[in-house]
2 protein chains.
Amino acid sequence: MLKGKNGAGDLASCPMDFILRLLMGPWTTYILYTLGEQGPQRFGELKRRVTGVSAKMLTERLRSLEQAGLVTRHYEATIPPKVTYALAARGHELRGVLGTLAAVGSKWLAEDAAAANVPRQAAE
Amino acid sequence: MLKGKNGAGDLASCPMDFILRLLMGPWTTYILYTLGEQGPQRFGELKRRVTGVSAKMLTERLRSLEQAGLVTRHYEATIPPKVTYALAARGHELRGVLGTLAAVGSKWLAEDAAAANVPRQAAE
DNA sequence: TAAAGTAGGTACCTTGACGTAACTACTAAC
DNA sequence: GTTAGTAGTTACGTCAAGGTACCTACTTTA
């Protein structure tokens, strides 16, 4: 999967494909994380906080996330235009799952570190 | 993140990076799914089931997964060598989380389909 | 004798994803 | 009048990830 050409993953893998394709993008989880922690913010703020991202990438990622219903885009046609992005309901929903995933990752990382530091007696 | 060059994602995003980098690979979730559903199997079987994957990719993915402790590799030096891959404890652990993620994806996909098919009265 | 299957490894080559830079329109400030 | 800031879009170049093809060493089968 994740190549869109398999044609055989007709089981529970398709929604996985959908969701991983979304999160996979280079800055995606970082953007989601920032929006979650810092709350709704403007394009410029987001760009400054997601260190190193280019405007192009940020726009592209935000468009994908918006299309999938993870973030909302609020456009005010004032003269310096003001565009505010916020996590939508789905974004918050995903935060929970991603939190679990991160917790699993943390645990493994900690286990690995422990195994590396105390390889003696190791009840392994 | 997911580019290894940010240097700013020093929060809860690092384990995310670790785990997404693992799952992100093209065929990874497909492989994990197959190993989970079909149980331990040989390289050839896996390659045949994960339709379209090349030996190179499969080997590479399996090595990463093995290194991360998600799958185990059992090598028997018989004359046609027999190599069996199986989900390790971490693999099973991840299955649960990925199941949740897939469920979320399914729900969204269903919601989207419903919204597209019945845009009238929208209570379906 | 030759082909096929086992589990990969290696070399090469393409492609598309990402980064960079320039451009938009409009206004406020200097 | 020129610069900066707003929120992008567009064009272009590059580089590495992934695909394809070929290679191993050994045995069984036709």
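Order of the sequence lines sets the chain letters (A, B, ...), proteins ahead of strands, with each chain counted from 1.
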Q41(B)/T34(B) under side-chain contact (heavy atoms from CB on, under 4.5 Å): CA gap, chis, key distance, verdict: CA-CA 9 Å; Q41(B) 50 205 293; T34(B) 304; 4.0 Å; yes
Would you indicate whether the side-chain heavy atoms of W108(A) and L70(B) approach each other to under 4.5 Å?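 Counting from C-beta outward, L70(B) and W108(A) do come under 4.5 Å.
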May I ask you to evaluate whether [X] reaches the phosphate of [N], defined as a side-chain N or O under 4.0 Å from OP1 or OP2?
X: R48(B); N: dA7(C); value: no
X: R42(A); N: dA7(D); value: yes
X: W27(B); N: dG19(D); value: yes
X: Y75(A); N: dT6(D); value: no

Take P80(A) and P81(B), find for each the nucleotide of DNA chain D with the closest heavy atom, and name the residue whose nucleotide sits nearer the 5' end. P80(A)
Students often mix this up, so state it plainly: with edges at 30° and 60°, are the rings of F43(B) and Y85(B) parallel, tilted or perpendicular?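 Plane angle between 30° and 60°, so tilted.
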Whole-Å distance between [N] [atom2] and [X] [atom1]?
X: E45(B); N: dG5(C); atom1: CD; atom2: P; answer: 15 Å
X: K82(B); N: dA7(C); atom1: NZ; atom2: P; answer: 9 Å
X: K47(A); N: dG19(C); atom1: NZ; atom2: C1'; answer: 11 Å

Regarding E37(A) and R49(A), does a basic nitrogen lie under 4.0 Å from an acidic carboxylate oxygen? no
Is it the case that the side chain of E76(B) and the backbone of H74(B) share a donor-acceptor pair, with hydrogens and angles ignored and the cut-off at 3.5 Å? no
Out of dA7(D), dT27(C), dG19(C), which has the shortest distance to the side chain of I79(A)?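 Looking only at heavy atoms from C-beta outward on I79(A), the closest nucleotide is dT27(C).
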Where the side chain of V83(B) is defined as all heavy atoms beyond and including C-beta, which of dT27(C), dG8(C), dA7(D) is the nearest nucleotide? dG8(C)
Going by number, which of residues 55-71 of chain A have a non-hydrogen atom under 4.0 Å from DNA chain D? K56(A), T59(A), R63(A)
Go through L65(B) and L35(B) one step at a time and tell me if the side-chain contact (heavy atoms from CB on, under 4.5 Å) criterion holds. CA-CA 12 Å; L65(B) 293 172; L35(B) 277 178; 5.9 Å; no
